[in-house]
Amino acid sequence: MAGLASVVRGGVAAFITASVAWATLCLMRVEGNVGAPLGPDRLVAAAGLAPGDPTTLRADAKRALKDRPVDGQAYRLLAQVADAEGNPAQAERLYRVAIKRDPREWVAQMMLTDTALSAGAAGEAVEHLDAALRVAPFIGSDVLTAFLPHLSDAAIRDAMAAVLASNPPWAGSLMTALRDPTVQADHVEALMATLSRLRPLNETERSVRIEALVRLGRPREARAVWFQSLGQSERRASSDLYNGGFEAAEQAEGRFSWRWSSQPGMDIAVDRTNPHSGSQALRIDFSGRPVELKGPEQWVALEAGIYTLSAWTYDTTDTTRPFLWKLSCASGTQLATIELSTVKPPKWSQDQARFEVPPNCPMQRLVLSHASRSMEERRLGGSLLIDDIVVRKVPLASAGSSAIRTQ
């Protein structure tokens with residue numbers, strides 16, 4: 001609770017102190033319009049305010065209540081005075097009066113959030129937090145960051161998930177806060193798992209859950225969460241490697257889909273003119289400018305075992321160095337490298353490699369690269385088509401690592 005309390009009673013108090021003259025003017029302006037001070041406003045204009053002084057705050061609040069007995073901000077000021085004077089019970093009572101008079105009294109809502117947390121009232125704490133964030137979105141980042149350690153409490157997670165299920169306007173700020181690598185990944189996963197049981201996760205929420213599972217060293221579960229978000233046709237195009245035939249119309253969102261991007265001198269896109277099989281392949285066109293090929297690439301989550309990686313290529317480039325498929329652990333340890341065939345005259349050719357995934361390598365990265373060593377060797381022209389990339393698990397009896405080329 002210390003983190004949130006420091007934000008509420010420290011950060012918020014500093015904000016109030018810095019702007020006390022403005023805040024007091026607002027709460028005492030009965031007319032509510034701009035212009036010369038009217039009614040109780042002239043008390044503010046004439047007062048030599050001492051920011052943060054309990055006596056002054058109490059007097060200002062009482063004078064405001066004399067003219068406007070239902071003023072929630074005035075009750076909040078009286079609650080702050082009681083808080084500062086060491087009377088928490090009186091402060092809580094007055095904060096509750098403040099939000100009853102004015103539900104938009106976000107400072108009172110935040111103070112009651114902290115009070116509810118201290119009392120172990122998870123549902124009430126999240127209710128006040130939600131109310132404050134809805135009317136004062138500018139406090140979202142700091143307050144949510146301070147609130148995150150409380151996600152260790154299952155009751156808090158359940159209450160938070162119940163509110164998130166209704167898509168509150170501050171949900172995006174929470175997702176941003178949850179991405180911080182200093183936030184405990186098990187708390188994030190537990191919250192998102194609870195939310196997923198209440199309603200389907202949206203793309204951002206699913207991404208947050210996937211990243212948490214990856215940080216927990218559970219990439220196969222992360223991939224399963226991602227896989228369930230795919231449409232039926234995309235699921236059919238997936239196995240241990242997603243969309244190896246590039247039959248999906250577009251790149252799917254998420255860590256475990258193909259990733260590629262064009263750059264000056266190189267254009268990458270699916271192509272229907274000459275696939276090896278199916279209706280399309282991936283085509284990379286080079287214009288003769290130096291390029292550094294980094295992709296297409298895809299993260300996979302192969303369990304420990306022995307596999308075969310195979311890929312078909314149709315190469316009409318003018319390269320003097322080979323293209324390479326490289327598979328490595330997330331740690332960078334190399335598992336397999338396939339040097340792609342260059343056949344003259346060009347035709348589709350298949351290259352394969354057998355490799356073993358060790359137990360300490362739960363997540364892997366497959367990427368297409370080029371074995372260029374100089375700027376001149378990076379100057380490529382022509383086209384490269386790739387299709388039907390397949391990863392298959394093989395029996396343990398076939399252990400070993402060898403490269404096989406089929407034309």
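Nothing here was measured: the structure is a model prediction, and the numbers come from that model. Because only heavy atoms are used, hydrogens play no part in the values below, and waters and symmetry mates are left out as well, while side chains stay in.
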Strictly distance-based, threshold 3.5 Å: is any side-chain N or O of [X] a donor or acceptor partner for the main-chain N or O of [Y]?
X	Y	value
E124	A119	no
D351	S341	yes
T145	D142	no
T176	G172	yes

Check the surroundings of atom [atom1] in [X]: do more than 12 heavy atoms from other residues, nucleotides or ligands lie under 6.0 Å from it?
X	atom1	value
R392	CZ	no
K393	NZ	yes
R104	CZ	no

Gap between atom [atom2] of [Y] and atom [atom1] of [X] - 0.5 Å precision:
X	Y	atom1	atom2	answer
L368	K326	CG	NZ	10.5 Å
L151	M160	CG	CE	6.0 Å
S262	D267	OG	CG	4.0 Å
Q90	Y95	CD	OH	11.5 Å
D285	T316	CG	OG1	8.0 Å
L366	I389	CG	CD1	6.5 Å

Please tell me if the side chains of [X] and [Y] come closer than 4.5 Å, counting only heavy atoms from C-beta onward.
X	Y	result
H370	L324	no
L178	M192	yes
I386	F246	yes
V300	L241	yes
L384	R283	no
L293	W260	no
T308	V391	no
D114	F147	no

Worksheet item: Should the pair Y242 and W226 be assigned to parallel (<30°), tilted (30 to 60°) or perpendicular (>60°) ring geometry?
Response: perpendicular
Fill in: Parallel, tilted or perpendicular, as decided by the 30° and 60° cut-offs, for the rings of W312 and H276
parallel
Using every non-hydrogen atom in the two residues, find where [X] and [Y] come nearest and quote the distance to one decimal.
X	Y	result
G332	S328	O-CB, 4.1 Å
A125	T113	O-CG2, 3.5 Å
G278	E247	CA-OE2, 3.8 Å
L94	A82	CD1-CB, 4.5 Å
L195	A161	CD1-O, 3.6 Å
E105	I99	O-CG2, 4.0 Å

Electrostatic pair [X]:[Y] at N-O distance under 4.0 angstrom:
X	Y	value
R209	E189	yes
D130	R134	yes
R379	E376	yes
E221	R223	no
E211	R218	no

State whether a side-chain donor-acceptor pair under 3.5 Å links [X] with [Y].
X	Y	answer
Q352	Q350	yes
R199	N167	yes
S257	Q298	no
T313	D315	no
D387	W348	no

Discussion item. Run E297 and W258 through side-chain contact (heavy atoms from CB on, under 4.5 Å) and show every step you take.
Written reply: CA-CA 6 Å; E297 67 173 311; W258 282 117; 5.7 Å; no
Practice prompt. Test Q280 against D271 for side-chain contact (heavy atoms from CB on, under 4.5 Å), laying out the working first.
Written response: CA-CA 5 Å; Q280 57 192 33; D271 181 84; 6.0 Å; no
Practice prompt. Test side-chain contact (heavy atoms from CB on, under 4.5 Å) on L309 and I338 and set out the steps.
Written response: CA-CA 8 Å; L309 170 66; I338 300 180; 3.7 Å; yes
Item to complete: Quickly, which of H128, E127, R76 forms a side chain to side chain donor-acceptor pair (under 3.5 Å) with Q109? Name it, please.
Response: H128
Item to complete: Kindly indicate, with the supporting measurements, whether the criterion side-chain contact (heavy atoms from CB on, under 4.5 Å) is fulfilled by Y307 and L327.
Response: CA-CA 11 Å; Y307 296 82; L327 184 72; over 6 Å; no
